[in-house]
Structures are given as C-alpha cells and as structure tokens.
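As the structure is a prediction and not an experimental result, all values here were calculated from the model.
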Number of protein chains: 2
Amino acid sequence: MQRNNGAGNADADRSTTVPPGRPGPTRGNVLDRGVRLLRAFRPSEGALRLTELSRRTGLPKATVHRLAEQLTALGLLQRAPAGFLLGIGLFELGELVPVKLRLREAALPFMQDLYEATHETIHLGVRDGLDVIYADKIRGHAGIDTPSRVGGRLPLTCTGVGKVLLAYAGQGLIDEVLAQPLPRLTAHSVTDPGRLADELAQIRYSGVGYDRQEAAPRLSCVASPVLVHGQIVAALSISVPAHQLQPARLAPAVRTASLALSRVLSRAPDNH
Amino acid sequence: MQRNNGAGNADADRSTTVPPGRPGPTRGNVLDRGVRLLRAFRPSEGALRLTELSRRTGLPKATVHRLAEQLTALGLLQRAPAGFLLGIGLFELGELVPVKLRLREAALPFMQDLYEATHETIHLGVRDGLDVIYADKIRGHAGIDTPSRVGGRLPLTCTGVGKVLLAYAGQGLIDEVLAQPLPRLTAHSVTDPGRLADELAQIRYSGVGYDRQEAAPRLSCVASPVLVHGQIVAALSISVPAHQLQPARLAPAVRTASLALSRVLSRAPDNH
DNA sequence: CGTGGCCGTCCCGCCCAACGGAACGGTCGC
DNA sequence: GCGACCGTTCCGTTGGGCGGGACGGCCACG
C-alpha cells in the first residue's frame, strides 16, 4: 500500500496514480473524486451539465450523477436550469480559511486607505508554493484590468506582489526558483536568473518591489512586504497603467501601508 | 458510542439508506463525513487537533485521521504545529462560487463609492433559505463593529439587508417566515408578524429598508435591493452607530448605488 | 523514576457502500 | 419518425472504507 507523501512539503502529487502497466480502471478515492468534480469548474464559466462534468473529470456518467447529487445535498453544488453550479456552502467554507478570515480582516482598512489615496487597484497576496494567490483585491470603476482575481494564482516571478513574497521567502526557495526556467507572461517578464536575483536583493534593501508590464501589457505595479516577527506573511501592491508608474509617489504610500499592517499583525493573538 | 451530535436542523435528510427500525451504526457517506470535518472549524478559532475533530464530528479517531490526511493531500486542510487548519485550496474553490465571482466583481466599485461618500461599513448580502449570507463587506479603521462576517449568516428578519431581501422574495417565502416565531438578536428585533409585514410593504414602496439596533445594540443600517429583471439577487447596506442614523442622507446614497448596480447586472451575459 | 493519561499513528480483517456498465425514457433538431 | 444526446435508474460485483485496538511518544503528575 502506498504510504504517500511523508513530509508533504510541495503539494498534491498524490502518489496514487496508475501503476504504469495497467490502464487503471477505478483510481482515486471518494474524496478525491468529489474534489475533482468541484475543480472542474472554472471562473467565467456558467453552469456545467452532467455530461460535461463527466468529460472533464474522466469519471463515468453514473458516478458523476451520484456524486453531484450528494454534493448538492451538502450545499457544495447547486442545481441550475442548465446544470450544476458551485454552491454557496463552498463559499461559506472558503471564508473560514485563516488566510482569508484573519489576514483580510486586518488588511482591509489599510487597503481602503491606499485606494482612497490613489484610486488605483489594490492587491493583497500570499504565497503558496511557487505561486502568489490573491487574498483580496479592491478596485473602483476606473480601475485598470488585471490578470489577477481573488483566489487566483500567478507565478511568483511575474508580479510585483510575487517578487516581494519571494524576496523574503528565504534563500532555499529563491534557489529553487532560480534553478528552473522562469515563466513568462509578457515580453517584459524577467526570465534572466541573474537579473531576478539582483532585483530580489534590491527589494530586500528598499522594501519595495516593482512590476513593469511583466504580468500583463500596459500594467505596472508597486509592492511591499507584510512581515510578522521577521517572517513574511503577505504583500500589498498598487497597480497602475504602465505610463503612469510614479515610484516617487506610490512607493511611500504602499510602504507606509504595509508597515502599518505589519505592526497591527505583530501584536495579535496569532494562533498561527 | 452515541449517535453523533444530533444536529437536528433541517439539512440533508438523505432519504436513501437507514431503514427506520435499525439504529444505524455508521450512517453517512464519505463525502458527508469529509464535509462534516471541514465544518467542524469555526471562525475565530485556531488549529484543531485530531482528537478535538473526532469529538466534534462524532467520528472515530482512526477515521478522522484517515480523512484528514486525504483532505490535506487535496489542499482542503493544512497541517499546523498545533493540528489542522482549513487549507488554501478551500479558499480557492470558494472564490469560484458565482455569488462571489460575478456579483462581487460587479458590486465592488459601487460599494467603494458608498464607502468613500460615507466612510461607514458597507455590506453586500444574498439570501440563502431564511438567512442572509454576507457576500462582501468593506470597512475602514473607524468602521463600527458588526455581528456580520463575509461568509457568515444572520436571520433575514433581524437585519436591514435581510428584510430587504425578504420583502422582494415573493409572498410564499414571506408567509413562511411570518408563520413561525421570529428570531430575536436584540431587544429591538422585530418579533411581531404584523409589524414585520407592514415594514416589508413599506420597503417595497420606498425601495429602502432600515435596521434600528435589531441585529446588535447601538448598530443601525440602511439597505436597498439589487434587482435583475424584477428578480432580487442581493441587497446593499450602510451600517452606522444608531445615534447617527440619518435617513435623509444615507437612504439616497444607498438607493443610488443599488439602482446603478442593478442596471449594470441587468445587461450582462448572465448565465444565471 | 515509575505511572497513568492523552496524544497521534498504524495495522488488518470485516463487510458494506461505492462503483459503473447498461438499459430506459424524455427532449430536442433535422 | 428517427437518431443523437441528455439525465436518471437499476443492480450485481468488489474494492476500499471502516474502526476497534494496539503501539509508542510525550507530558504532568505523585
């Protein structure tokens, strides 16, 4: 029997998988299948029909039917005229996750300050593996379009928030990132390891990081770390149209907010 | 072994299995148990230890151990020094739920407008059964404390947002609510069905509803409906200290925002 | 230093519930 | 009317979920 991820550092990589020779007929356990069903839904899509779910998950139709019915009873899915949608129960659970519950609660007022001072789009991001996950984002009517989405992922090296998170994440992770080819989202994405290393050092020196159209064309941003007891827990950023990037004005603003948030978080119950 | 924590509320009631005469030894399927594990977590609590999870769910320790391990591999839980926490994967999934993804995206700029005009706490709520679920909430440093939480529930009849949602929900639901005793959160909560009916009519007439310390002491609010094709989908509100409730100033603001949001949502792809 | 409580982990045989191929009935559009 | 595709239901098979129990580590006791 497989003992499966001893230390379980990285992620997923469920060792189950099909033993090479066999075209495994049944693989996976029930929970895995249920989650696979939920993950079949993507943003900006509507309801999914039973057959489509079956296609995406590779599960037999009868199985999907049974599981989807159970998930619906649990509130994780809901029926729509045109198939299934993710249910409100999933939203309720998601809001209980500490990254959301604690961090956002503390950060929101400072994000509001930043928004009011600049009227630009504000991000709050945390690190998961080699990605940044956006914990929150606020924008007004005029806010610039960004590839980010609350709950969405982007590579650490392609965004301001991500580079800041990486800069303070420790040498081990930095080495790991530099060792493999750097992902590229635009023509401006940093793909030279040496240049990235320099930039990370510069971030640690100044407490501010930049993204110059590295995640999306015409989009730049200024980011700053949120540290608790010397440990990085998140990063804040302001996103602006590339031609309006004014470090002299934005850097102090974002730095001030991140320092103030760091201070608030440092004296908190903090059950980690 | 006692028959699991009752949890007598409506919920589930899966008609399958459990022939009436038998004291079902194990009831519930795998997915149900997994979700029960996730729902054992409550806001403002830290990590839960294996034994505590076992206590709360009524599941044997060995079972909890196995399930928790699987959920961790799936990213729905994560290990902490002091036990388990809800995992970031759950947050990712929660952010894909349509109520969050679509509604919030559209509503946020209008909520920002309201915040900037008043600097009070702004809520966005949707209805689920007889509760309001808060889809979003923004507040600044000075924002008043509220019993609400993003992803949290309160009874429809005890909040401004809730009463507005109820007023437009259709006579069937209104009758259902009026038929049973009305919940009470404070001494000011409306518990007289006749008075509530009047108030709902007044809301439909004016497009604005009030909460006068009915959800929490010293907290009042002004709410207004978001309608798409005549159907209510959400409600917006401004919460203020009770002694500062100024309908003449706040009602037009919240009404304007809700109408503008209604208009935006009415011309959208809207895959329901 | 023994002891007893509580913890997380692991083992393993029992057996039931998950499984899915297949058949069915409804609803379109040609 | 016919075929394509849909969601639903049935039911025999079996693999994996199940959990009692054992184990070893870690305290706070006496």
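Within a 6.0 Å sphere centred on CD of A/Gln231, other residues, nucleotides and ligands contribute 12 heavy atoms or fewer. Other residues, nucleotides and ligands place no more than 12 heavy atoms under 6.0 Å from the CD atom of A/Glu105.
Set against D/dC18, D/dT8, C/dC10, the side chain of A/Arg79 has D/dT8 as its closest nucleotide. Checking C/dG20, C/dA18, C/dT9 against the side-chain heavy atoms of B/His65 singles out C/dT9 as nearest. For A/Arg55, counting side-chain heavy atoms from C-beta on, the closest listed nucleotide (D/dC18, D/dC6, C/dG20) is D/dC6. Minimum atom distance to the side chain of B/Ala62 is reached by D/dG21, of the listed D/dG17, D/dG21, C/dC19. When distances are taken from the side chain of B/Val30 to each of C/dG20, D/dG17, D/dG19, the shortest belongs to D/dG17.
Here C/dG8 presents its P atom at 14 Å from CG of B/Leu77, a figure rounded to the nearest Å. A/Glu52 has its CD atom 13 Å from the C1' atom of D/dC6, to the nearest Å. When rounded to the nearest whole Å, the span between CG of B/Asp32 and C1' of C/dA17 equals 14 Å. Atom pair B/Arg49:CZ and D/dG25:C1' shows a separation of 13 Å (rounding to whole Å applied). The CG atom of B/Leu67 sits 12 Å away from the P atom of C/dA18 (whole-angstrom rounding). If you measure from atom CG of B/Asn29 to atom P of C/dA18, you get 5 Å, rounded to the nearest angstrom. When the C1' atom of C/dG8 is taken as reference, atom CD of B/Glu69 falls 10 Å away, rounded to whole Å. Distance, B/Gln70 CD to D/dG19 P: 13 Å, rounded to whole Å.
When heavy atoms are screened at a 4.0 angstrom cut-off, A/Arg66 is found touching base atoms of the nucleic acid.
Using a cut-off of 4.0 Å between Lys/Arg side-chain N and Asp/Glu carboxylate O, A/Arg153 and B/Glu92 are scored as salt-bridged. Electrostatic pairing of B/Arg56 and B/Glu45 counts as a salt bridge here, judged by a charged N lying under 4.0 Å from a carboxylate O.
With hydrogens and angles ignored, a donor-acceptor pair under 3.5 angstrom links the side chain of A/Lys61 to the base of D/dG7.
A donor-acceptor pair under 3.5 Å is absent between the side-chain atoms of B/Arg139 and the main chain of A/Leu108, judged by distance alone.
When the nearest nucleotides of DNA chain D are assigned to A/Leu31 and A/Thr51 by heavy-atom distance, the more 5′-ward of the two goes with A/Thr51.
For the OP1/OP2 pair of C/dC19 and a distance below 4.0 Å, the side-chain nitrogens and oxygens of A/Thr63 include no atom meeting the criterion.
Here, D/dA22 and D/dC26 have their P atoms 22 Å apart, quoted to the whole Å.
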